Visitor: 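Quick one: the structure is below, questions incoming.
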Amino acid sequence: MNELWPSTQDWFSALYILLPTYCTNGAPVVFGGGRPIDLGKTFPDGKRILGDHKTFRGLISGLVVGAIVGLVCSYLFSMNLLRIALPASLGALLGDMAGAFLKRRLKIEPGGPLPVVDQLDFVVGSILLVSLFSEISLTVVLILLLVTPPIHFLTNMGAYALGLKRTYW
Ligand code: CTP
Ligand code: MG
């Protein structure tokens with residue numbers, strides 16, 4: 001079979017990274033709000049550093065949810081908590097913040113769409129941090145990048161329908 005075609009092991013490796021990544025990314029939608037991480041400060045370009053949608057509560061709830069999911073996964077599938085779940089969780093939050101930073105530099109208001117970046121910032125952050133602690137194959141990276149946009153879109157539609165998000169992207 002083609003070398004790039006995912007093996008069962010690849011799908012599981014991808015799943016182990018996706019679970020803490022997605023749960024972390026979703027937590028702030030439910031628990032976020034309040035004091036913004038940039039404390040309301042602006043960048044030299046006059047726009048906010050990150051904006052009001054990146055909050056301490058979102059950051060902390062994401063880390064807590066990532067740690068809980070990691071603990072459950074390490075119990076159920078003996079996944080390595082320190083090498084996968086925690087870096088995936090922290091990476092997802094940092095990636096999302098990097099995406100917001102970029103959006104503000106492009107003068108896009110919080111919540112405004114930036115296709116591709118909105119769908120992938122958190123998963124790219126997660127991949128980068130996880131790859132510091134364990135090896136991720138190109139196949140697994142490709143699975144993560146390809147399955148994320150459709151899942152992200154569906155979960156956002158769900159959050160929008162439930163009234164948790166004001167926009168569906
Ligand atoms: N959120 C939060 N704290 C974070 C990240 C997210 O409180 N560190 C919350 C915000 O309420 C945000 C929601 O989670 O609106 C969804 O996050 P996201 O879709 O990434 O934010 P956007 O509304 O697109 O804002 P931005 O343009 O700044 O990315
Ligand atoms: Mg975002």
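Predicted, not measured: the structure shown is a model, and the values here were computed from it. In listed order, ligands and their atoms are each counted from 1.
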Visitor: Which atoms of ligand 1 are found less than 4.0 Å from any heavy atom of R104?
Guide: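 Listed by number with element: 26 (P), 27 (O), 28 (O).
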
Visitor: Is there a polar contact, in the sense of an N or O pair closer than 3.5 Å, between G111 and ligand 1?
Guide: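 Looking only at distances, the answer is yes, because the N/O contact criterion of under 3.5 Å is met.
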
Visitor: Going by side chain to side chain donor-acceptor pair (under 3.5 Å), name the pairs with one or both residues in residues 75-85, residues two or more places apart or in two chains.
Guide: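 Every candidate side chain to side chain donor-acceptor pair (under 3.5 Å) pair involving residues 75-85 fails, so no pair, neighbours aside, qualifies.
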
Visitor: Looking only at protein heavy atoms, which one is nearest to atom 17 (O) of ligand 1, and what is the separation?
Guide: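 Ranking protein heavy atoms by distance from atom 17 (O) of ligand 1, first comes K54 NZ, 3.9 Å.
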
Visitor: Counting only heavy atoms, which portion of R57 has something under 4.0 Å from ligand 1: side chain, backbone, both, or neither?
Guide: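 Answer for R57: neither.
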
Visitor: Regarding R105 and the six-membered ring of F43, is the cationic atom NZ or CZ under 6.0 Å from the ring centre and inside 45° of its axis?
Guide: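 Pair R105/F43 counts as cation-pi.
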
Visitor: Under a 4.0 angstrom heavy-atom cut-off, which atoms of ligand 1 come close to L59?
Guide: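 Result: 8 (N).
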
Visitor: Among protein heavy atoms, which sits nearest to atom 2 (C) of ligand 1, and what does the distance come to when rounded to 0.1 Å?
Guide: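 Answer for atom 2 (C) of ligand 1: H53 O, 3.1 Å.
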
Visitor: Answer side chain, backbone, both or neither: which part of V29 comes under 4.0 Å from ligand 1, heavy atoms only.
Guide: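 Looking at V29 and ligand 1, atoms from backbone and side chain both fall under 4.0 Å.
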
Visitor: Any nitrogen or oxygen of D118, side chain or backbone, less than 3.5 Å from one on ligand 1?
Guide: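 D118 vs ligand 1: no N/O contact under 3.5 Å.
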
Visitor: Any heavy atom of M97 sitting closer than 4.0 Å to ligand 1?
Guide: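 Not so, M97 does not reach ligand 1.
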
Visitor: Considering only the protein, which heavy-atom contact is closest to atom 24 (O) of ligand 1, and what is its distance?
Guide: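 The protein heavy atom lying closest is K103 NZ, 3.4 Å.
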
Visitor: Give me the nearest non-hydrogen protein atom to atom 19 (O) of ligand 1 as residue plus atom name, then the distance to 0.1 Å.
Guide: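 For atom 19 (O) of ligand 1, the nearest protein heavy atom is K165 NZ, 3.0 Å.
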
Visitor: Would the F122 and H152 ring centres measure less than 6.0 Å apart?
Guide: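 Yes - the distance between ring centres of F122 and H152 falls below the 6.0 Å cut-off.
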
Visitor: Can you list every side chain to side chain donor-acceptor pair (under 3.5 Å) pair that touches residues 47-67, not counting sequence neighbours?
Guide: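 Sorted result for residues 47-67: D38-R48, R48-D52, K54-D96.
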
Visitor: I need the atoms of ligand 1 closer than 4.0 Å to a non-hydrogen atom of G32, numbered in the order shown.
Guide: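 Once the distances to G32 are compared, the set is 7 (O).
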
Visitor: List ligand 1 atoms under 4.0 Å from D96, heavy atoms only on the residue side.
Guide: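 So the atoms of ligand 1 that pass are 5 (C), 20 (O).
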
Visitor: In the protein, what heavy atom is nearest to atom 7 (O) of ligand 1, and what distance, to one decimal place, separates them?
Guide: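 For atom 7 (O) of ligand 1, the nearest protein heavy atom is T55 OG1, 2.6 Å.
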
Visitor: Which residues pass the side-chain hydrogen bond (donor to acceptor under 3.5 Å, both in side chains) test with Y16, not counting sequence neighbours?
Guide: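 None.
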
Visitor: Give me the protein N, O or S atoms that fall under 2.8 Å of the Mg ion (ligand 2), sorted by chain and residue number.
Guide: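 Listed by chain and number: D96 OD1.
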
Visitor: At less than 4.0 angstrom from any non-hydrogen atom of G33, what atoms of ligand 1 do you find?
Guide: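 Those qualifying, in numeric order: 7 (O).
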
